[in-house]
Amino acid sequence: MNDDARPDYDLAVVGAGPAGQAACLALPDGPRIVVIDEQLRPGGQILRQPPRAFSVRGWLEGAEYRRLKARLAAFESLESVEWLGGCSVLGAREAGEGWRLALSDGGGVREVTARRILIATGCYDMAVPLPGWTLPGAMSAGGVQAFVKSQMLAPGHRIAFAGSHPLQLLAADQLRKAGGTVAAVAFSQPFRRFVLKALGRPWTALTNLPRLMSVLLMGWRLRAAGVPIHFGRAPTAVEGRDRVQGLRLEDGAVVACDAAAFCFGFLPQSDLPRAMGLAVRPARPGGWKACHDAWMRASRPGAYVAGETTGVKGADAAAAEGALAGLAVAVDMGVLPLREAVRRAAPVRRARARALRFAALLEAVADPGPLPDRDLPADTIVCRCEDVTMGDLRAALAIGADAGGVKLATRCGMGVCQGRNCEHGLLALLGGVSTEPHGFTPRFPARPIRIGDLLAED
Amino acid sequence: MDGVDVLVIGAGLVGCAAACRLAQAGARVEILEAARPNAGASGANAGSLHFQLERRFLENGEALADQAASILGLNLLAIEEWRGLADELGPDIRVHMRGGLMVAETADEVAILERKVAREVQGGLASRMIDGDAARALAPGLSETVVAASHLEAEGHADPKALTLAFAAAAAARGVRLRQRCRVVAARPVRSGYRLTVETPDGPEDLTAPKILIAAGAWSARIGELFNLHLPLYPVALLMSATERTAPLLDPLIQHVGQRLSMKQAQAGNVLIGGGWPSRMRLDAAGRFDLDRPAEMLASSLRGNLAVAARVFPRVAELNLIRSWTGITAITADQLPLVGAIPQAPGVYVAAGGSAFTLGPTFARLLARRILDEPEERLEIFSPARFGHLNSFMGAADA
């Protein structure tokens, strides 16, 4: 198809989490929609559906998940949506009257065109370099959750959790319910910080009391099951020769474990927005969030962003933003009058505002502080793809380089992950993200792709 | 007075290497860099050390090829230069000179290759024709479609990420000051040479020196304008790609006589693929080529480049592509680099116009001699004087 032909779809949605689902559900019937996701089944990281062949008793129980599962069921029953699961977007570029996406499903590469594109790719766990963090068995809390949710699998016999984000209590609780053993949960910050931050936003805390109580309950359940929960004890190193054997905390104590899960917060997925030339700005605690207007329109025509790719804020806010984006697409396509969209958007906007207040509270509570620690030993790996150490980076910083210069001089960020694990850490070492130019230059492909597959594309 | 003998504009490979050679000879040198060292083509190229005549000199007819043959003398010097660099600058620059093959897949290509080798041998280069099997013995995995190749033992590759920085460090050790984020915005002749106005994060500043070296790569023509000069340099945006790291797979540098291809396995293990496939330059607010933003990758170039690579060396198809990038270099009207004194602006020198990874260190050494008024004839074929007619009505008089 050449660039002038009619696009294959009216809308391509990248990401089938709460935001992508809500966008499709908010659109009236008619538009030809394709939804693309790297997982085989829709749901996003928050649900991580097990394969169809599995039957899992009691999968993700609880009030928090009930609404998510109801939305997923509604999404899966939509007939207007073409589903492309297990599919990565390698890149997207403006072409003719829309966008041209290069897709890989692991077996081959193909291109699809869409008049409009919604990026709803969510976020990923923020990697935090520590001595030993690249040993087999060290992972993110989100990684543990993915094993548990989608496969009911505990990726270790005794797993220690550490970090600054309360979500690690949820991950530990889910692991325990799935039959795993939690060796300990260690928070970097003292318990009073949680209380103080919550007291600092009393109205938000009060209106979210059931949520806060459920977190406390999880902690209580873990304690009752004999799991030590520590406060004010940051992890300082992962111990072990060939794999994880223990997690060292800042008071020197070592928690014996065969897997360690870290939870310091999340980074918006920005690979596609940046590669597409969409405007982004610095996010907290790191990474880049895509800019948007009140209707989730991004900075280029025909591009929309919703959910945690625009900043980490939880599933409720993501779903609200997805719905707004869906309404905006309908208005821009001329299939929904603006007045009607405004009417439908009103409750969505209220829900989003509520969710954002809670997200702000969570962000304040979970603040990991400056990471990586500037005092890390020189041999600590920061870029795990290319084995670039703190010492290498310090040497490069000493000659006054920017992120691109450090990348070129040290190979930091040149590996298969394209900097997803190290860019935020390097920028923190560079003293924040206020200096120009920003970050690494995004490169094609957004995911590694076998050259033979790229060439077999028809 | 600043007490500087030479102001070098541009901290790319040529600028840093020239500053290093000038300082070794006792000159006081300062480098002015608009961005950061190695930010342009010096760091973005794929690091080929290619001393055989380039394919582009053969594809535009015999006239250009005759002209290009005169570059062979420089290539011979460059081989010696590179053999010395590893010792001089240390192992970080990863010089790997274990041979290069320029392959041919058709009878026509073999004929071109034979003419090329004859010309090279005449010029003193130790290249030789080998058949397909001999080529495959040197590069196991090379496709059966390769029927012949020209082989040159001195070819190979080095690390462009490290070379400029190594020269910059060597220059700094000899007292050269390198000023980053220091953009030259004006130049005017004064009695003692030239006064440059630079913009820095701390505000504008004036610097004066008797001699100026323009070594700003694709930006050099714009710098030339500040001196009221036409430098016939045209920016070109090229595409490069890297595979994931893999076990040793490919020892020599591979080029193709009839197709745009350069391919080598860098010491880190990535296979780097390039060969001069175009990218699209972006335009700035004024509608001119924007040299400060990365060029846009063309999907057709990527596919074309990878297809040739996979056809010549099929195992490449099994590797993951992890990164494609674009870089902006410059070429001249006659495709030969522009290196030497500018007759219409006494005291202003230029070194730009492509081939500057393989030849850059040699340009720097010879040009430093020229700048210091030592006899140096070997750069004559690259002299800006050959485009003197363009500057008949230009120049930098009126001190």
Side-chain angles (χ1 to χ4, degrees), chain A residues 3 88 90-95 100-102 104 106 109 111 274-277 385-388 392 395-396 398-419 435-437 440-458, chain B residues 11 35-39 42-44 92 159-162 164-166 168-169 172 178-181 201 239-245 266 268-271 273 282 292-294 296-299 302-311 313-326:
Chain A
D3 286 355
S88 295
L90 304 177
R93 59 190 169 90
E94 280 164 296
R100 179 181 290 265
L101 290 75
S104 161
V109 173
E111 291 198 334
R274 288 161 74 187
M276 289 162 64
C385 299
E386 296 289 337
D387 290 348
V388 181
D392 298 332
I399 59 168
D402 56 32
V406 174
K407 177 179 178 178
L408 202 58
T410 64
R411 303 186 67 86
C412 180
M414 274 197 181
V416 291
C417 91
Q418 285 231 30
T435 54
E436 296 278 351
F440 297 147
T441 307
R443 306 288 191 200
F444 181 89
R447 296 286 186 269
I449 178 71
R450 194 178 153 271
I451 287 174
D453 290 347
L454 202 58
L455 293 173
E457 172 194 336
D458 48 17
Chain B
R36 58 172 160 78
N38 215 27
S42 301
D92 284 354
D159 188 352
K161 301 188 299 304
T164 303
L165 300 184
L178 194 163
R179 297 172 51 141
Q180 305 189 38
R181 298 171 73 193
L239 172 72
M240 276 84 31
S241 294
T243 71
E244 64 195 311
R245 294 162 92 158
N270 315 76
V271 177
I273 300 167
R282 295 173 205 271
D292 292 326
R293 282 195 297 160
E296 195 182 338
M297 188 189 82
L298 296 174
L302 180 64
R303 292 195 56 165
N305 197 175
L306 296 180
V308 180
R311 194 180 74 228
F313 195 73
R315 286 162 72 182
V316 155
E318 300 305 320
L319 298 174
N320 279 311
L321 171 73
I322 63 167
R323 182 173 61 254
S324 294
W325 73 98
T326 60

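Here is the naming used below: chain letters follow the sequence lines, and residue numbers restart at 1 for every chain. What you see is a predicted model; the values in this text were computed from it and never measured.
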Where does B/Ala35 contact chain A at under 4.5 Å (heavy atoms): side chain, backbone, both or neither? neither
My understanding is that only residues two or more places apart in sequence, or in another chain, count here; which of them pass salt bridge (Lys or Arg N to Asp or Glu O under 4.0 Å) with B/Glu244? none
From A/Ile449 CD1 over to A/Leu90 CG, what is the distance, rounded to the nearest 0.5 angstrom? 5.0 Å
Using non-hydrogen atoms and a 4.5 Å limit, figure out which bit of B/Thr243 sits close to chain A: side chain, backbone, both or neither. side chain
For chain B, find which of A/Arg450, A/Arg443, A/Glu386 contributes the most heavy-atom pairs closer than 4.5 angstrom. A/Arg450
Is B/Asp159 close to chain A through its backbone or its side chain, or both, or neither, when contacts mean heavy atoms under 4.5 Å? neither
Got a second to check how far A/Lys407's NZ is from B/Lys161's NZ, nearest 0.5 Å? 11.0 Å
If you define the side chain from C-beta out and look only at heavy atoms, does anything of A/Pro445 sit under 4.5 Å from B/Leu321? yes
Quick one: what part of A/Cys385 sits under 4.5 Å from any heavy atom of chain B, side chain, backbone, both or neither? backbone
Give a yes or no on whether the backbone of A/Pro442 and the side-chain of A/Gln418 come within a donor-acceptor separation of less than 3.5 Å. no
Tell me, side chain or backbone of B/Leu165 under 4.5 Å from chain A's heavy atoms, or both, or neither? side chain
For B/Leu302, is it the side chain, the backbone, both, or neither that has a heavy atom closer than 4.5 Å to a heavy atom of chain A? side chain
So which of B/Glu318, B/Met297, B/Glu296 has the largest heavy-atom pair count under 4.5 angstrom toward chain A? B/Glu318
Using modelled atom types only, decide if a donor and an acceptor are shared between the side chain of A/Thr410 and the backbone of A/Val406 within a distance under 3.5 Å. yes
With distance as the sole criterion, is a donor-acceptor pair present between the side chains of B/Asn320 and B/Arg245 under 3.5 Å? no
Between B/Arg323 and chain A, which part of the residue has a heavy atom less than 4.5 Å away: side chain, backbone, both or neither? both
Using a cut-off of under 4.5 Å for heavy-atom pairs, which of B/Ala242, B/Ala307, B/Ala310 has the most such pairs with chain A? B/Ala307
